[in-house]
Amino acid sequence: MQESALPSPCYLIDQAKLKANLTILENLRRDTGCKILFAQKAFSSFPFYSMIARYLDGTASCSAYEAQLAHLYFHGENHVCQTAYLPDEMTQLAEICDHITFNSPQQLERYAGLAVAHGCSVGLRINPEYLSQQLDEFDPCAPCSRLGTTAASFPEALAAKIRGLHVHALYEQNADALERLVKAVIDKFGTWLPQMAWLNLGGGHHITREGYQLEKLAAVTEMLQETYNLTVYYEPGEAIVWEAGYFITTVVDLIDNGMPLAILDASAVCHAPDITELRYRPPLIGADKPNVLPYQYRLGGRSCLPEDIFGDYSFDHPLQIGERLVFRDMAINTLTKAKMYTGMPMPAVAVRETDGNCKILRSFDFSDYKNRF
Ligand SMILES: *Cc1c(COP(=O)(O)O)cnc(C)c1O
């Protein structure tokens, strides 16, 4: 069907853009010999896994559920790195995963034997104390962080069990940040690197974004692999679905209270929580930032929540009830975080295939809301 025939609200995944992103990553693997894993938390939409798997080495999971999904639908290397594992999950994880990374010396000591007995490669998540972000609240290396083991706490007595080190400290960053991160890793953990089989440099690499310094990433990767004779892994999530999704909405009411307000048939809080949680401001097709075009609107959701605001935008024409508004770059953290709080229905999910044809993959109804209990 045509895009105009899709229901509203609807998440639309763009297969051509997904493939373009994946091709960049596939070329990087080929050119450098590094391995690239798909970090699922931004987009755990398993109907796309077999396609993504054709371009990458495997998956990165941060929970047993994600590892199970990857095991069922991805069929690549299955890596898991969770802040703490529960005894009940450990045996199954050891059976379905190839690499298990522990966050602390205690967790490593408790479960490494079981992991090794199942043939898993054991890793330790490290904290190189390299701050890369604006706000400590979101930085895994902030003071007193619970994520990763610092050099001071490195479990020397267990070092022989550790086959790889894992570090995740970047967020939407370019390769200059990667260079600084790697310098911090070498400064703090350089003595351990020669005995490692792999080094996982986590996610947060905005590799598929225009202007990303691919040559710099390749140079860092090659330097590490040659100096320490190990395999470098990256596990981007966002970079894989960067700009590969749209959110189709419709104007259902117009109100004036100090400024023109347009109510959409969707909810920012429920359907695109990064807008309210992380102050994300998605681009909107045919609109611009406030005060650029002549008609100003604040776009709001139809839930009862005061904070349910998509944002302020300007348009070249007055909005009409029934008009469709399509947000761009809405594949990341939308489906995975969507909720039905206040009884908001879940949007449908559709794909635009590479030939331009659109297809509905899933729709939801009242039973999905009721069955959450
Ligand atoms: C979130 C996360 C990733 C993926 O990060 P992106 O910003 O989506 O690239 C990779 N590894 C770990 C450990 C993570 O927590």
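In what follows, every heavy atom counts, from backbone to side chain, and hydrogens, waters and symmetry copies are set aside. For ligands, and for the atoms within them, numbers begin at 1 and follow the listed sequence.
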S.K.: How far is atom 2 (C) of ligand 1 from the closest protein heavy atom, and which atom is that?
M.R.: K41 NZ, 2.4 Å
S.K.: Where does E238 meet ligand 1, judged by heavy-atom distances below 4.0 Å: at the side chain, the backbone, both, or neither?
M.R.: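 Both parts.
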S.K.: Would you call the rings of H271 and F247 parallel, tilted or perpendicular, taking 30° and 60° as the class edges?
M.R.: perpendicular
S.K.: Less than 4.5 Å apart, any side-chain heavy atom of F154 and any of L124?
M.R.: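 Touching, per the 4.5 Å side-chain cut-off.
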S.K.: Do the side-chain N and O atoms of T221 and Y234 include a donor-acceptor pair separated by under 3.5 angstrom?
M.R.: yes
S.K.: Quick check: A239 and ligand 1, any N/O pair under 3.5 Å apart?
M.R.: no
S.K.: What is the minimum heavy-atom distance between L325 and F315, and which atoms define it?
M.R.: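 Between these two residues, the closest heavy atoms are CD2-CE2, 3.9 Å.
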S.K.: Applying a heavy-atom cut-off of 4.0 Å, say which part of H166 lies close to ligand 1: side chain, backbone, both or neither.
M.R.: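 It is the side chain that gets close, since no backbone atom is under 4.0 Å.
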S.K.: Taking atom types as modelled, find out whether D98 and N78 have a side-chain donor-acceptor pair closer than 3.5 angstrom.
M.R.: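 No.
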S.K.: Among all protein heavy atoms in this structure, tell me which lies nearest to atom 6 (P) of ligand 1, with the distance rounded to 0.1 Å.
M.R.: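 Of the protein heavy atoms, G204 N, 3.4 Å lies nearest.
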S.K.: Using side-chain heavy atoms (C-beta onward) and a distance below 4.5 Å, is L217 in contact with L178?
M.R.: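 Yes, their side chains come closer than 4.5 Å.
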S.K.: Which ligand 1 atoms are under 4.0 Å away from a heavy-atom of P236?
M.R.: 9 (O)
S.K.: Quick check on contacts: which atoms of ligand 1 are under 4.0 angstrom from a heavy atom of G237?
M.R.: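 Per the distance check, 4 (C), 6 (P), 8 (O), 9 (O).
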S.K.: Answer yes or no: is there a side-chain heavy-atom contact under 4.5 Å between F327 and I285?
M.R.: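 SC-SC contact between F327 and I285 ruled out.
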S.K.: If we set the cut-off at 4.0 Å for heavy atoms, which region of A39 has an atom near ligand 1: side chain, backbone, both, or neither?
M.R.: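 Within the 4.0 Å criterion, A39 contacts ligand 1 through side-chain atoms alone.
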S.K.: Note the single closest protein heavy atom to atom 10 (C) of ligand 1, along with its residue, its atom name and the distance in Å.
M.R.: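 The protein heavy atom lying closest is E235 O, 3.3 Å.
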